[in-house]
Amino acid sequence: MTDTSFQPFDTHLDQERALALLKEAVAGADDGELFLERRRSEVLVFDDGRVKTASYDASEGFGLRAVRGEVAGYAHSTEISESAIKRAVETARLAVGAGGGTLADKPSGTNTKLYTDADPIAGHSFPVKVETLREIDAFARDLDPRVVQVSATIAASLQEVAILRPEGMLVSDTRPMTRVNVSVIVEDNGRRESGTAGGGGRVLLDGLLDPRDWQDKAREALRIALVNLDAVPAPAGVMDIVLGPGWPGILLHEAVGHGLEGDFNRKGSSAFAGLMGQQVAAKGVTVLDDGTIPDRRGSITVDDEGTPSGKNVLIEDGKLLGYMQDRQNARLMGVAPTGNGRRESYAHIPMPRMTNTYMLGGDADPSDIVADLKDGIWAVGFGGGQVDITNGKFVFSCTEAYRVKDGKVGAPVKGATLIGDGATALQQIRALGNDMALDPGMGNCGKQGQWVPVGVGQPTVMIGGLTVGGAQA
C-alpha cells in the first residue's frame, strides 16, 4: 500500500517523450489518447462467523488508442515505460493506415471535484474493519432467533487515472469507491429465505462503518428475509405493475438505458434508433443520465477520454432528445460528446456507458398509485435480469413483491419475473409518484465484457400490461 499519489510522469515517464510517441500514434487519425491508471482495492467478507475473504489487489498500466473513422487501434500493458509505449504505438497505428483523418478538438477542461481524493482503504486499519464485521454478524443474529446465517462485506477501492491527449492536454482524476453489504438467511419450520441490503458510493468508509448505518442495513436485510419467509407463489399472466422508488430503476437502466447509448444507435441496432424527436414514452416521462451528482457510485468528474461528465436529458416529456456519447460515436453521428466514454480499466477500450440514469418524479402520491392498482403486482426490490438491446425485451426477477387486488396490498409473492420490452413499457407508464429516489449505491453494469459502477433511480411508477411469470396461472 502506498500513500503517494499516482504521478506517472514523475515516476515512470518523461511527459514530452510520451507526448511525442502519442502524436506519432495518432498522426493521420481522428482521435486518440494515452490512458494511464493505478488501482487498489480491498475486500473483506465475514461469513457465518468467520473471515471468509480478505483480499488486497493492486494494478497499474496504460492503454494507447488511435481512432480512424469507425476503427480503433488499441494496445495496453502493465508496464508503464517508454519502451512499452513504443511497442503500443506500432499496434495502435494499424488502425490509422494511410491516415487522412482530422484530429478532433480536445475536451473542455474542468475544475469540478465531485468526490474526495482521499484513500478510502487507508482510512481504517484492517483490525478495525474485521471487528466491525464481527459486530455486524453479532448484531444481525441478535435481531431475530430465526437468523441462521449472516454474511457481511466491506469493500473499498481507489482508481487513479491520468489521460494525456495529443494536443498536450493532461487530465487526471482520483476516484474512491466504498460499499458495505449485509445478507441474512432466516429459517422457520424448515423453510429458508434470504435478504440483502447495502450500499455506498464515492465516499470514505467513515459513515459506512458508523453503527447507525450498518445497523440499518442489517435490519433491512432481515426485513426482506422475513417478508420472503411469508411469501406465496407469484401469479402468472398479463397485469398492471407498480414499481417502487430507487433501486427498481435498474429496470429502466437495463431495458431503456442501454438502448440510448450512442454506439447501438449509430449502428442501428437499438430499438430507439432513428427515433430522435419522436414520442417514445408516455407524456410526463423524463429520463436523465447524470454523472455530476456528488459522491454517487456512478458519478465521474471526467470520463475515461477526458471529457467532463454531464447532466444529459435523454427523454423529456416522453420525447427522445439525445443519446449518451463517447468521442468516437459523437463524431460519427455529428453531435457533441456527453461525457459517457467509460472503460473498465487501462486494458479496455472506452465506449458509451451510463453513469447515474434515472427517471424524474411526477406529482402523484405513491400510496394513491398503489391504491389504483386493481389486479397486479407491487414490485419493491429487484435482482438480476436479461435484456436484448436490439428490441428492448427484458426479463427481471423480483426480490420483494406483493400481490395487490382492488388497491389492497396482499401477501408477498415469491418467484415473480417481469417480462416485456422497454419501448412498450415506456409508452404504458400510467402514473409517476412524487418520491423519486436514487438507489443506495450498489449497481454494476456490464457491456461487451466490461464492468463499470453505475447508479439508478426513479419514483414509484405504474406500468400497464406487463407479463408476470410466476407459478400460479
Side-chain angles (χ1 to χ4, degrees), residues 67 69-72 249-282 285-291 298 303-305 307 310-344 348-359 384-396 418-429 443-452 454-456 458 461 463 466:
V67 181
E70 297 187 15
V71 181
I250 190 64
L251 190 150
L252 172 74
H253 167 102
E254 294 287 1
V256 177
H258 278 297
L260 299 179
E261 291 169 335
D263 48 353
F264 293 128
N265 287 277
R266 178 176 63 81
K267 298 171 184 177
S269 58
S270 167
F272 296 97
L275 299 181
M276 190 64 67
Q278 297 186 31
Q279 197 80 23
V280 298
V285 173
T286 296
V287 178
L288 297 89
D289 184 85
D290 186 358
D303 71 6
D304 294 324
E305 300 176 302
T307 305
K311 183 176 183 178
N312 301 300
V313 180
L314 308 176
I315 298 172
E316 185 172 44
D317 198 21
K319 289 186 178 180
L320 180 59
L321 286 193
Y323 302 125
M324 291 165 278
Q325 302 285 6
D326 63 352
R327 287 174 61 87
Q328 182 182 20
N329 285 280
R331 184 179 64 259
L332 293 171
M333 296 180 74
V335 297
T338 60
N340 289 91
R342 305 187 67 189
R343 63 182 102 197
E344 181 178 327
H348 302 83
I349 202 160
M351 65 181 79
R353 303 297 299 272
M354 284 173 274
T355 58
N356 303 298
T357 310
Y358 56 93
M359 182 186 299
Q386 294 180 335
V387 179
D388 184 339
I389 300 302
T390 61
N391 53 29
K393 293 187 180 297
F394 61 79
V395 178
F396 273 88
L418 303 185
I419 304 168
D421 70 86
T424 302
L426 281 177
Q427 296 280 6
Q428 293 178 333
I429 291 177
N444 285 307
C445 173
K447 178 179 178 181
Q448 298 179 26
Q450 293 193 41
W451 292 89
V452 295
V454 296
V456 300
Q458 68 173 41
V461 178
I463 304 176
L466 285 185

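One-based numbering along the sequence shown.
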[X] and [Y]: which non-hydrogen atoms are nearest, and at how many Å?
X      : Y      : result
Leu466 : Ala425 : CD2-CB, 4.4 Å
Gly268 : Ala273 : CA-CB, 3.8 Å
Gly341 : Asp303 : N-OD2, 2.9 Å
Met351 : Asp326 : CA-OD2, 3.6 Å
Ala282 : Ile429 : CB-O, 3.4 Å
Glu261 : Lys447 : OE1-NZ, 3.0 Å

- Under the salt bridge (Lys or Arg N to Asp or Glu O under 4.0 Å) rule, what do Arg266 and Glu70 come out as? Steps first, then yes or no, please. CA-CA 10 Å; Arg266 178 176 63 81; Glu70 297 187 15; 3.5 Å; yes
For the [atom1] atom of [X] and the [atom2] atom of [Y], what is their distance to the nearest 0.5 Å?
X      : Y      : atom1 : atom2 : value
Leu426 : Leu252 : CG    : CG    : 7.0 Å
Lys319 : Leu275 : NZ    : CG    : 13.5 Å
Trp451 : His348 : CH2   : NE2   : 12.0 Å
Thr355 : Arg342 : OG1   : CZ    : 6.5 Å

Look at the side chain of [X] and the backbone N and O of [Y], then say whether any donor-acceptor pair between them is shorter than 3.5 Å.
X      : Y      : result
Asn312 : Thr338 : yes
Gln450 : Ile349 : yes
Gln328 : Ala330 : no
Ser270 : Asn265 : no
Asp421 : Lys393 : no
Glu254 : Val387 : no

- Task: For Asn356 and Asp289, run side chain to side chain donor-acceptor pair (under 3.5 Å): C-alpha distance rounded to whole Å, both residues' side-chain angles, the deciding distance at 0.1 Å, then the answer.
- Result: CA-CA 5 Å; Asn356 303 298; Asp289 184 85; over 6 Å; no
When you compare the side chain of [Y] with that of [X], does any pair of heavy atoms fall below 4.5 Å?
X      : Y      : value
Gln325 : Met333 : yes
Met354 : His258 : yes
Ile315 : Val280 : yes
Thr307 : Asn340 : no
Leu418 : Val395 : no
Phe272 : Leu314 : no
Tyr358 : Gln458 : no
His253 : Cys445 : yes

- Task: Go through Val71 and Val67 one step at a time and tell me if the side chain to side chain contact (heavy atoms under 4.5 Å, CB included) criterion holds.
- Result: CA-CA 6 Å; Val71 181; Val67 181; over 6 Å; no
- Query: What residues form a side chain to side chain contact (heavy atoms under 4.5 Å, CB included) with Thr286, not counting sequence neighbours?
  - Reply: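 Here the qualifying residues are Leu288, Val313, Glu316, Leu360.
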- Message: Just to verify, what does Asp317 make a salt bridge (charged side-chain N to carboxylate O under 4.0 Å, His left out) with, not counting sequence neighbours?
- Response: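 By the salt bridge (charged side-chain N to carboxylate O under 4.0 Å, His left out) rule, Asp317 matches Lys283.
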